[in-house]
Amino acid sequence: MERYLMWSGGKDSTASLILCHENGIHLDGIIFSEVMFDHSRNISAENPTFIKWIYETAIPKIEKMGYKVIVLRSKHDYVSLFNKYHTRSKINENGKTKWGFVLSGKCYLNGYCKTKPIKEFLKAHKDCEQIVGIAHDEPTRLENAIKRGQRSILAEMGIAESDTYEICRKYDLLNPTYQEKTRGGCWFCPNQNIKD
């Protein structure tokens with residue numbers, strides 16, 4: 001059976017990768033889904049510091065560990081989705097209403113630009129095992145992952161979310177985002193706080 005680790009570049013999924021490496025858990029690939037902001041200009045929706053770290057630091061180190069990193073990108077980006085027209089809306093104004101700006105709390109980008117490419121990949125690899133970065137002390141997320149048939153190495157080893165920082169530091173693979181904030185996300189996300 002093929003086994004893939006779903007890697008966001010965050011501390012939990014990176015620590016999961018490191019623990020798989022240290023414990024000889026075979027991985028057929030590391031899946032990274034990059035949210036694209038503008039395909040025509042090759043601008044990522046990820047924070048510039050973060051995405052530079054992904055390609056210039058993290059991926060080369062992971063590949064030196066012997067793993068294949070598979071980068072997924074949606075055919076959609078912010079610009080194409082902004083200009084997409086509603087087709088099933090009751091207030092459609094004769095098919096002339098664009099999707100427009102992403103609204104706080106109602107982001108359509110995650111589904112189309114991050115989750116959909118992963119679902120398409122998994123459709124082509126139906127019987128694979130998925131490893132996700134969910135810590136032992138995240139019971140709701142863990143329960144949902146188990147229901148989806150996903151596996152958490154962190155939970156199996158009793159690793160708490162706060163322990164993942166040190167695991168990543170040991171391999172010099174702690175995402176630079178954590179120097180400024182507690183989590184990542186789209187660079188232009190309306191759900192970020194004012195400071196971010």
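Please read these numbers as outputs of a predicted model, since none were measured by experiment.
- Taking the side chain as every heavy atom from C-beta outward, Tyr4 and Leu27 never approach each other to under 4.5 Å.
- A heavy-atom distance below 4.5 Å is not found between the side chains of Glu129 and Gln150.
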Exercise for the section: Show the numbers, then the answer: is there a salt bridge (charged side-chain N to carboxylate O under 4.0 Å, His left out) between Arg169 and Glu166? Expected result: CA-CA 5 Å; Arg169 280 190 194 102; Glu166 207 46 52; 3.2 Å; yes
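- The minimum heavy-atom distance between Ala155 and His136, with the atom names listed, is O-ND1, 3.8 Å.
- Counting only heavy atoms from C-beta outward, the side chains of Arg3 and Ile25 approach each other to under 4.5 Å.
- The hydrophobic cluster analysis finds Val35 isolated: no Ile, Leu, Val, Met, Phe, Trp or Tyr side chain comes under 4.5 Å of it, directly or through other members.
- Between Met36 and Asn42 there is a side-chain heavy-atom pair separated by less than 4.5 Å.
- With contacts defined as side-chain heavy-atom distances shorter than 4.5 Å, the pair Cys113/Leu81 qualifies.
- Here OG of Ser33 is found 9.5 Å from CD of Glu120. Values are rounded to the nearest 0.5 Å.
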Exercise for the section: For side-chain contact (heavy atoms from CB on, under 4.5 Å), just list the numbers for Lys11 and Glu161, CA-CA rounded to whole Å, side-chain angles, deciding distance to a tenth of an Å, and then say yes or no. Expected result: CA-CA 8 Å; Lys11 61 182 176 48; Glu161 201 177 351; 2.9 Å; yes
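- Note on ring orientation: taking the six-membered ring where Trp is involved, the planes of Phe37 and Tyr78 are tilted (angle from 30° to 60°).
- Between Lys114 and Glu34 there is no salt bridge, since no side-chain N of the basic residue sits under 4.0 Å from a carboxylate O of the acidic one.
- Grouping the Ile, Leu, Val, Met, Phe, Trp and Tyr side chains by contacts below 4.5 angstrom, directly or via other members, places Phe32 with Leu17.
- Nearest heavy atoms, Ile54 versus Gly9: CD1-CA, 4.0 Å.
- Between His21 and Tyr171, the ring planes are perpendicular. Angles over 60° get that label, and only those under 30° would be called parallel.
- Rounding to the nearest 0.5 angstrom, the gap separating the CG atom in Asn175 from the CH2 atom in Trp53 is 5.0 Å.
- Across all their heavy atoms, Phe82 and Lys98 have their closest contact at O-CB, 3.7 Å.
- Ile146 is connected to Leu122 through a chain of hydrophobic side-chain contacts under 4.5 Å among Ile, Leu, Val, Met, Phe, Trp and Tyr, so both are in one cluster.
- Residues Lys126 and Glu2 are not paired through a salt bridge, judged by the lack of any N-O separation under 4.0 Å between the basic side chain and the carboxylate.
- Remark: side-chain polar atoms of Asp163 are paired, donor with acceptor, to backbone N or O of Ala160 under 3.5 angstrom.
- Note that CD1 of Ile30 and CG of Leu5 are 5.0 Å apart. Values are rounded to the nearest 0.5 Å.
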Could you tabulate the donor-acceptor pairs under 3.5 Å formed by side-chain atoms of residues 58-66, not counting sequence neighbours?
{"from": "Lys61", "atom 1": "NZ", "to": "Asp172", "atom 2": "O", "distance (Å)": "3.1"}
{"from": "Lys61", "atom 1": "NZ", "to": "Asp172", "atom 2": "OD2", "distance (Å)": "3.0"}

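- For the residue pair Leu154 and Ser16, the shortest heavy atom distance occurs at CG-OG, 3.4 Å.
- Side-chain contact between His39 and Val79 is absent, with no heavy atoms from C-beta onward closer than 4.5 Å.
- The shortest side-chain heavy-atom distance between Ile118 and Met6 falls under the 4.5 Å cut-off.
- Atom-to-atom distance recorded for Ile70:CD1 and His125:NE2 is 6.5 Å, nearest 0.5 angstrom.
- To the nearest 0.5 Å, atoms CD1 (Ile159) and CE (Met157) are separated by 6.5 Å.
- Between Tyr112 and His76, the ring-plane angle classifies as perpendicular under the 30° and 60° cut-offs.
- Nearest heavy-atom pair, Ser13 versus Ser8, reported as atom, atom and distance to 0.1 Å: OG-N, 3.1 Å.
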Exercise for the section: Go through the steps for Asp12 and Glu138 under the test side-chain contact (heavy atoms from CB on, under 4.5 Å), then give the verdict. Expected result: CA-CA 11 Å; Asp12 298 339; Glu138 299 179 278; 3.9 Å; yes
Exercise for the section: Could you walk me through whether Lys170 and Glu22 pass the salt bridge (charged side-chain N to carboxylate O under 4.0 Å, His left out) test, one step at a time? Expected result: CA-CA 12 Å; Lys170 188 166 71 171; Glu22 288 181 344; 2.9 Å; yes
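- Atom CD1 of Ile153 sits about 4.0 Å away from atom CD1 of Ile131, to the nearest 0.5 Å.
- With Ser152 contributing its side chain and Ile134 its backbone, the two residues share a donor-acceptor pair below 3.5 Å.
- Checked by atom type, the side-chain pair Asp28/His26 shows a donor-acceptor distance below 3.5 Å.
- Ile167 and Trp7 fall within a single hydrophobic cluster, where Ile, Leu, Val, Met, Phe, Trp and Tyr are joined by side-chain heavy atoms under 4.5 Å apart, directly or via other members.
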